[in-house]
Each structure stands twice: as structure tokens, then as C-alpha cells.
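For reference, the structure is listed below as C-alpha cells.
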Amino acid sequence: MTFADGDSEADRVAQLRELIAHHSYRYHVLDDPEIGDDAYDALYSELRELEAEHPELVTPDSPTQRVGEVPVSDLVKVEHLQRMLSLANVRSAAELRAWIVRMRNFLAREGIEDPVFEFVAEPKIDGLAMSLVYEDGLLARGVTRGDGQTGEDVTHNLRTIAQIPLRLRAVAPPPLVEVRGEVYMSLPDFQALNERRAAAGESTFMNPRNSAAGTVRQLDPRLAAERPLSFWAYQLGVVSEGVGFATHWAALEWLRELGFPVHPDIRVISGEDEVVAQCERWQERRGSLDFEIDGVVVKVNDLELQRRLGVVGREPRWAVAWKFPPTTALTTLLDIGWNPGKFGDLHPYAMLAPVHVGGVTVKQATLHNEEDLARKDLRIGEPVIVLRAGDVIPQVVGPAPHVAERSDRPPKPRPPERCPVCATPTVKPEGSVFTRCPNRDCPGRRLQLLTHFVEAMDIEGLGERQVLAFMERGWLQSAADVYRLPEREQQLLALTGYGETSVRKLFDAIEASKARPFGRVLFAVGIEEVGDVTGRALAQQFGDVDALLAASPEELAQTPGVGPKMAAAIHAQLGDPAMRSLIATLRAQGLNFAQDRTPGREGPLAGLTLVLTGTLPGLTREQATALIVDAGGKVTGSVSKKTAYVVAGDSYGSKLARAEALGVPVLDEAGLLELLAGHGGGGVESSSS
Ligand code: IVH
């Protein structure tokens, strides 16, 4: 093989290594690739071939050396250059303030009066602490925390982590650099891994942390290479003399320059209130991150103050961990209840011995559906693990560890033979995995269907509780009855909790719901398989309800996103006399059964793709999506260069970081509303980088 004049193969190999390291860094650390996968693969293959021809050119920092082939026979114990400390915990704002007072008192005794504290707040990543030692810029070894004094050499596995540089990005790196950080498995990677394992009939991991721990301690690096681990750097360890920083923040910035991933939302803050606020902010966004955190680490920024504060026992005085309330707990599965959904599918839920988790007492938890229940292999009477993260509904994760290995387990729970609400014998339709109540007049089914209707039509003041109360009085049987409620003004006024104002508001909300677009009405009336998006698509395809009702299954299948099976199911339901009569009544009552314009072609957001992240103060995700789609825009899940705007709520996930990296403008809710009103880009808060 020949190259441009003067280039030897050794030069090309060096050049390829540099290119690959650069592109790997852009992709894995900055999340902002400059070239496509194919181009990257081509560089990699070329390097592999050259190295195969010239084994003498292989160096330990070559990217080809990430996928190790030689298993180690043992994990070798290694003494740390500097002790790896643990952290004292605080669990409330008061405890955090007490920590700051303790530091002040300590420093006062040392003769430092009224220190001005700056803090750095970092996510406390739920993974494994690692010490990475770089000698002359090359990764020499990676060691687990162990007992803090001595850890285990797991370099062979850490090399497989693309985010860990094999060589520091510096022209003249100091002879010794120790970097500390957390090896973890991201939630998407963890889920994918467990799905793969389940499909292969292998046991699944309990949580990302266990999965990362099991992976990092493998002897065979090929195993580690198959299980994607990630890394966040959070601390500079020992460095050669002459390298120094005034603050922890400056050290983090340097780590970033050297090519390490440092979380983009780590902040320097001053003042106790801000520290507390920052911890609470992380706590709120906990559920929207794509890796698990179990708290926030707060560190004193000034390294000289850190030195003066020193260490007590195994804990530094200058840092604490603000721990979130635990989100999993162990309790007993008392029974399994079943509730019919809006189409009669019986949804199981767990009845639990009351347990405190995630800051509340939990007595019930969702189990999604029959398949979920079977997959989790739960048995009544056994201990189970309950998860409650953020504001989400509590979930049963699975049986407690080792329970599944017992031989004397209670029998598998089975769906009931009769509907628990109306006692109609249940059925399992052919080809379905779900047991259902076939009775269309089942009050349980109706409650769900009507609740779905009022929620889809966005009628403020009507929710499940009110629907149930009105059903019990015989005022609500079908969606059409919602529009007859105004005839019951006197009856409503007689109810506790309903005064003139609230009744007026309710009637206004009912009236306003008549303006919902045709597509939304199609979603609201409850046609199986027709969600919000399909409702919209059908409305757009057929224009009005007469055309829709006249459509053959083949014609229905012309609708984007509707396949032949779905078309047949929709056709059958639209032909049902009860559905026809409901549609006729709602039409007579003044609901929209025709499309008045074609979204997607015009509108202030025509042709633009937006990404939503976090919780908006005044709009649900569905509402925001509907507004954007109605204005001609599109909503997707991941930020790319093609994203026109990222709309971010008060929490600020990795999508926001990516938007900033790509220079995609970020809007808040007000900015979105202005954009929708057609003030092109007004109120846009453009990202600074
Ligand atoms: S600093 C004195 N920063 O928490 C410095 N630790 O209990 C001690 N951890 O073993 C570590 N995220 O596994 C630090 N941003 C962060 C961290 C972090 C997670 C873990 C680490 C350590 C444990 C301390």
C-alpha cells in the first residue's frame, strides 16, 4: 500500500489513530459526531488491516486495543495512589445547612473567619467509583474503589468504554494524572441488555448498578465489550507536581479539555439557598435523566479551603452527598386486583402491604397488563420490590431477590373468570394475550371510556372522580350525556362542592370542548387502535365523518400509519350501530366532524421539527404536541441538527445539553406559545454556545 509522498505506513497508522480518537471523542463524549458511521468504520478497518500487516506498529493506546481479546486470570489488587474517600450524607435542607455551619465553625477554630463559600453541585451517579491512572498521557490502569485503600485492577474492561480516553488530549500531558469518576450503565443500555438476556433465556439484572458492577469485574474483556458501560469524570486525583488549580471547577474544566466526559449541568453556586434549590432541581429531574442518580454531591469549590477542611475518618469535611429518598422498597404482595379498561381489557394491579417509598406510603401499584404480570412472575403472599421514582405511579419491579429460586412458591395468579365489576364471564379473544370483560355496558368499562373521553376533549372540571359521581346518579351513560349536563343545572347546584361559579365554569368548559378538531373527536369517542395520532391522520385523510364512515377497509388502509389489520378493526367498529348512533348524536350536539383545514401544510410551524423535554408549567406533553402538530410542525424524540427548536420545561435533561452542543435554539413554554401565535422566533432564548 502506498500513501501520499513521504508518508510511511507508520505515519498513516499514527494519523488514523488520531482521527479515530478524535471522531470517537466527538461521538461518545460530545455527542456531536462530525462523520457518519460508515466513514468511521472505514477508518477503523483501515487501521486494523495496517496493524495486522505490521504488528510492530500496534500501541496500547490504539483504538483497536479497546476490544481486548485476552482474559485475565485474576483481578489483581492494587493500592490507590491516594485514598478513595466516601461521603457523609444529608437528607434535608436543614442537614445541609448544618453541614455548612460545621464547616464555618471548624474553619473559625483554624483562624479562618467568615469564609466565602462557593460550591459545586454534581449528580451523584449510581454506579461504581473508579480511579484512572494516566502515565505520560496513556491510560496505565483503572482500579475499582475497593475498600478505599486498595482496589482491583479492571483496566482490561475499562478500555472497552469508549468515553474513557486511552490517551489524554494534550500535547504535553503531565507524567502522572489520576482521574476519578463513575462507571455506570445508562438506562436505555440497561433495558436493551436485559431484553437481550431475557430473549436468550438468561437471567436479567436487578438494576443498572448491579449490571455495571457485574460487568466491570468480569475477567474476560470480550464480555465487557458486549455490555455498554459509560463514564462520568467528577474529580481530579493525584497529579504530577507543578500542575495545580485554585478550584474544583477549574480542575473539572481541565478534565473536559483532556477528553473526559464531565456532566454539562454541573454548576458553581454560592449561597445556601441556591445549593438547596440546586439539589431540589436535580431531585425533580431525576426521573428524566437517562442514567440513575441517588443524590447530589455538593463540594466546596476552593481547593485551598478543601485542604484546610481536611478529612475526618473516611469522609472529607468539604463535601457531602444530598441523598434522595429511596425509591425502591420491599413489601408483601397481598393480592392482585383487576380493573376493566375502556375496551374491557382487564388490567391487573398489585395490592401491597403499605410501605414507605419515595416519600409516600404505597398500598397499590400498577402492573400494566397480563403479560407484564406473567413476565414479572409474581406470586401472592411473596415479598416484592416496589419502585416509585419521581412522580410516576408506583410499580412492582419483581419478586424480592432469590424468591424466584424457591421450590415451594404459591401458584401463578390467574385472571378472574368473571369481571370484578359486572360479574360477566370473562373471555380471551382468539390471538389475544389479554383477558377481557365482553360486556359493553359494564360500569367499569364505561367509567374508563367516559374518563378517556373527557380527558381527550380536555374538559376542565371533569375527571374520573366526577365522571364516577355523575354515573352513579345516572346522569352519564355515554359521551353524548356530557353535552346534556347543562340541562341538569339545578341538580348539579344541589351537589356539595358545586356553586354557581363552578357550575358555570363546567358548562363553559363543556361548550368549549365542542371546538376540538375532528381528529381529536375521533380519538375521544374510543375506537380501539385509534390513538391521538391515528385520529388526526384519519381526519386528514377523509376530511369529514361521512367519507370516513363510507370508507372500505382498503381505503382506510391508505391512511398514513394504518395497516390492513388496523384498518379492518377500525372498519368493524365504525360499522357498529352503537358507534354510529353515538357519532350521529355528538354531531347533532355540535361537535366537529369535519376537518376545516389541512394541518401540516400551513401554519406557523410548517415543516419544522421540535423536540420536547422536561415538564412545561402549563401544558402537558400531549397538549404541547397537539398544538405543534396543529400548527404544521412535527415532534420527535431526539435532538439532531435538523431540530428547529427544543422546548424545555423546568427540568433540563440530556436533550437540552445536546441542543446546546448542536446550537439548536431552546424555547421555554412562553417562547413556544409566541411561536405558535406566529411571531416567528420571538422570545427565543438562543443557546449561548
Ligand atoms: S466525590 C471526596 N462525586 O459516591 C470525594 N462521588 O460516597 C468522594 N459518587 O464512592 C467522591 N457521583 O462512587 C463524588 N459526583 C460525584 C459522585 C460520587 C457518585 C459516588 C462514588 C463514591 C461515593 C461516595
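Counting starts at 1 for both ligands and their atoms, following the listed order. Since the structure is predicted, the reported quantities are computational estimates derived from the model, not experimental observations. Starting from 1, each residue takes its place in the sequence as its number.
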Where is the nearest protein heavy atom to [atom]: which residue, which atom, and how far?
atom	answer
atom 12 (N) of ligand 1	Ile125 N, 3.2 Å
atom 23 (C) of ligand 1	Lys124 NZ, 4.0 Å
atom 7 (O) of ligand 1	Leu87 N, 3.4 Å
atom 14 (C) of ligand 1	Tyr234 CE1, 3.3 Å

Crowded around Tyr40 OH? As in, over 12 foreign heavy atoms under 6.0 Å? yes
Test of proximity, [X] against ligand 1: N or O pairs below 3.5 Å:
X	value
Ser86	no
Leu128	no
Glu122	yes

Heavy atoms only: which of Lys323, Arg317, Glu182 is nearest to atom 9 (N) of ligand 1? Glu182
Who's closest to atom 10 (O) of ligand 1 heavy-atom-wise, of Lys299, Arg145, Glu315, Met130?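 Heavy atom nearest to atom 10 (O) of ligand 1 belongs to Arg145.
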Answer yes or no: is there an ion pair linking [X] with [Y], defined by an N-O contact shorter than 4.0 Å?
X	Y	value
Asp153	Arg141	no
Asp136	Arg167	no
Asp265	Arg285	yes

Passing option when Trp99 is tested against Trp322, Phe119, Trp318 for ring pair (Phe, Tyr, Trp, His ring centres under 6.0 Å):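 Going through the options one by one, the only one that passes is Phe119.
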With sequence neighbours left out, write down each residue that passes side-chain contact (heavy atoms from CB on, under 4.5 Å) with Leu168, or none if nothing qualifies. Tyr134, Pro173, Val177, Leu258, Phe260
Results of side-chain contact (heavy atoms from CB on, under 4.5 Å) for Ala140 - residues two or more places apart only: Glu135
Check the angle between the aromatic planes of Phe245 and Trp254 and answer parallel, tilted or perpendicular using the 30° and 60° thresholds.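 Rings of Phe245 and Trp254: tilted, as their planes differ by 30° to 60°.
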Is [X] in contact with ligand 1, taking contact as a heavy-atom separation below 4.0 Å?
X	result
Trp232	no
Pro316	yes
Pro123	yes

